[in-house]
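Notes follow the structure.
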Amino acid sequence: MESRDAVHWADQTALKIIKEHGDKEQYTCASGITPSGTVHIGNFREIISVDLVVRALRALGKKVRFIYSWDDYDVFRKVPVNMPDQETLAKHLRMPITMVPDTFGRDSSYARHHEVDVESILPAVGIKPEFLYQAERYRASTYAEGMRKALEKREVLKGILDKYRDEDHKIQGDYWPISVFCDACDRDTTEIEGWDGEWGVSYSCECGHRETVDLRKAKGVKLSWRVDWPMRWAYEGVDFEPAGKDHHSQGGSFDTSKHVVEDVYGRKPPTTFRYDFIGIKGTPGKMSSSKGKVVDLYDLLRVYTPELARYLFAGTRPNTEFTISFDLDVIKIYEDYDRTERIYWGTEQAKDEETRSRERRIYELSQVDEVPAKMPYQVAFRHLCSLLQINLGDVEKTLAQLPGVEEHQLDRLRVRAKCAWTWITESAPDEFRWALREDGSAIEANEEERAALVELRETVRAGGLDEQALGTKIFDIAKAHGLEPKDFFKVTYRALIDRDRGPRLAGFILEVGAERIVKILSAY
RNA sequence: GGGCCGCUAGCUCAGUCGGUAGAGCAACGCCCUUUUAAGGCGUGGGUACCGGGUUCGAAUCCCGGGCGGCUCACCA
């Protein structure tokens, strides 16, 4: 941060954390999710929000422990429609997701599959948390003390939970803050029978199994969600954790957890904020998204470079809803980012000082690692799309055509070009997509039109004209053959790219190169 | 029933220590003879949902109301 005033929400949050939890050497920031299905882009908002705050704290010279909890000891309660082998999955309902098989056949379990997906892509956007696996921890009885504490204070817990329930929904009968996966059948179809006041818990299962287990050795006992969360806050000493709006509501899980961590575990609740959901506009890829297709970080990174992906989130306040677009808006997002980049590097003036420092900060936070030593090469996304189509998607060839590219700028350009090509071929509106007519075919044209095309061909063959001169010449040709310029343009675009309109013609012809243009127009 | 969020230009929205209302798109105009726009430059355009209050001053803070949306109370 260059300015003392926190202009960015992540910096403001960092200051708030320090204010609420005191000036410490190290802070713990947490995020987490249940890998019960594809971890989609909405889930990603939480982790990147934490990452941005973590970076803000570090910018203030603080050490930060960034933990990401995989809640893989949660129950598998329904089969998502986008998963293969639905029958096999259905057979494992009510078991912990860590015991459900990976029906893709790739990883050791259903949960692990989704974890691996996320863990392998996060470094690409510069996010490197410490992963915690709750199944492993519960099975190792890591939380025995926490569970016993909950049992001891179960009346307090009951009171907290009941506070927000109406008369019809108050907890009936015995309340147990724990649930058990049966040791015989692995399902949570169990009922707590009793607790001996110390470590012993008895349960019975629908499968007929019943036993008394010791919390210090049992692997199937876990806390219910609204107690589990605050217990872990206390266990890890969490200073900051945001939550989605489904949790952040009076009587919601964050709210009750706040009371639980204070009244039962004697710890101050973490600083937090609420993040909104995000929407999707356009289609990220060819697949029709009817069958439970969800957009994830992989989809995002096929169209947006890592910096752009971060930029989407860094540039938007967490508590506002926004949509991630795969349609025409993509161009605008790239343009916005490029402008932010120019402001950072001082090649464009910001409207005022405040805008400048905010844009600079957003730019910093959008980088995967450090801000590069020199300014990256800028090529407008739109123009890049044109060039790629001229070169049939050949990235290296396209980059070689860009004037003045330096070695250190190539990597980013390459990534951008790949994204542009994916966008053009899979997400862009049809009007944006074209290919040069290089199969030797000719369009139907009358005498005058053919003659004009031939003259254009010879003009191009002769060469020696710059864009402006060629542009003027095109009009001359049209006139000389008694054609309205408008109609001649149309005919030319038809001949070249089989569309009624296209990129600004003169420049386009020069970019394609005389040789290819002449070849295409040799059909007349 | 509780809680939260939003209501600013035709559209999408920015603008949270209160200080002359902004951007993009759309529209319109011009681009050195004629110009296809996926180019350049420029212009116009707002009763800030309504009503009160605080203030020298309110889009911004407070109260009341309206409309739209979300969320919780069952599970995570």
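Side chains are part of it too, since the values below use all heavy atoms of this structure and drop only hydrogens, waters and symmetry mates. Order of the sequence lines sets the chain letters (A, B, ...), proteins ahead of strands, with each chain counted from 1.
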TODO: Give a yes or no on this: more than 12 heavy atoms of other residues, nucleotides or ligands lie within 6.0 Å of atom NZ of A/Lys170.
DONE: yes
Task: Minimum-distance nucleotide to A/Asp74 side chain [options: B/A38, B/U34, B/A76] - done: B/A76
TODO: Report yes if at least one side-chain N or O of A/Arg358 is closer than 4.0 Å to OP1 or OP2 of B/U16; otherwise report no.
DONE: no
Open item on the list: If you assign A/Arg433 and A/Ser224 each to the RNA chain B nucleotide with the nearest heavy atom, which residue ends up on the more 5' nucleotide?
Closed with: A/Arg433
Task: A/Arg165 side chain near B/G1 phosphate (N/O to OP1/OP2, under 4.0 Å) - done: no
Open item on the list: Can you check the distance between B/G44 and B/A27, where both ends of the measurement are the C1' atom (answer in whole Å)?
Closed with: 9 Å
Open item on the list: In this structure, how many angstroms lie between the P atom of B/A23 and the CG atom of A/Asp336, rounded?
Closed with: 14 Å
Check the interface with nucleotides 68-70 of chain B: list each N/O to N/O pair with the protein under 3.5 Å, or write none.
{"residue": "B/C70", "atom": "O2'", "partner": "A/Lys245", "partner atom": "NZ", "Å": "2.8"}

- [ ] In whole angstrom, give the distance that lies between atom CZ of A/Phe273 and atom P of B/U71.
- [x] 19 Å
TODO: Represent RNA chain B in dot-bracket notation, 5' to 3'. Only Watson-Crick or G-U wobble pairs with both distances under 3.5 Å count; pseudoknot-style crossings use [ ] and interstrand partners use |.
DONE: (((((((..((((.....[..)))).(((((.......))))).....(((((..]....))))))))))))....
- [ ] For A/Lys479, report the nucleic acid contact type (base, sugar-phosphate, nothing); a contact means any heavy atom under 4.0 Å.
- [x] base
TODO: Would you tell me if any nitrogen or oxygen in the side chain of A/Arg317 comes within less than 4.0 Å of OP1 or OP2 on B/G15?
DONE: yes
Task: Flag side-chain contact, heavy atom, 4.5 Å: A/Arg187 against A/Cys207 - done: no
Task: Touch class at under 4.0 angstrom, heavy-atom based, for A/Trp9 against every strand present - done: nothing
TODO: Run through A/Trp434, A/Phe489, A/Tyr493 and flag the one making a ring-ring contact (aromatic ring centres under 6.0 Å, His included) with A/Phe508.
DONE: A/Trp434
- [ ] For A/Ser109 and A/Asp102, test the side chains for any donor-to-acceptor distance below 3.5 angstrom and give the result as yes or no.
- [x] no
Open item on the list: Using the P atom as the point on both nucleotides, what is the distance between B/C63 and B/C28, in whole Å?
Closed with: 46 Å
Task: Spacing of A/Lys163 atom NZ relative to B/G2 atom P, expressed in whole Å - done: 17 Å
- [ ] Determine the Euclidean distance between corresponding P atoms of B/A23 and B/G46; express it in Å to zero decimal places.
- [x] 14 Å
TODO: Run through A/Trp233, A/Tyr143, A/Tyr138 and flag the one making a side-chain hydrogen bond (donor to acceptor under 3.5 Å, both in side chains) with A/Asp228.
DONE: A/Tyr138
Open item on the list: If I pick the C1' atom on B/A59 and the same atom on B/A9, what distance separates them, to the nearest angstrom?
Closed with: 14 Å
Task: A/Arg112 with A/Glu115: basic N within carboxylate O range, under 4.0 Å - done: yes
Task: A/Phe488 CZ - B/U34 P separation (whole Å) - done: 18 Å
TODO: Using the C1' atom on both, measure B/C25 against B/C67 and round to a whole Å.
DONE: 26 Å
TODO: In whole angstrom, give me the gap between the P atoms of B/G45 and B/G3.
DONE: 43 Å
TODO: Write down the distance separating the P atoms in B/U35 and B/C30, rounded off to the nearest Å.
DONE: 10 Å
Open item on the list: Taking the C1' atom in each of B/U60 and B/A48, what is the distance between them to the nearest angstrom?
Closed with: 11 Å
Open item on the list: OP1 or OP2 of B/G39 versus the side-chain N and O atoms of A/Arg382: is any pair under 4.0 Å?
Closed with: yes
TODO: Could you tell me the separation between the CD atom of A/Gln250 and the P atom of B/C4, rounded to a whole number of Å?
DONE: 7 Å
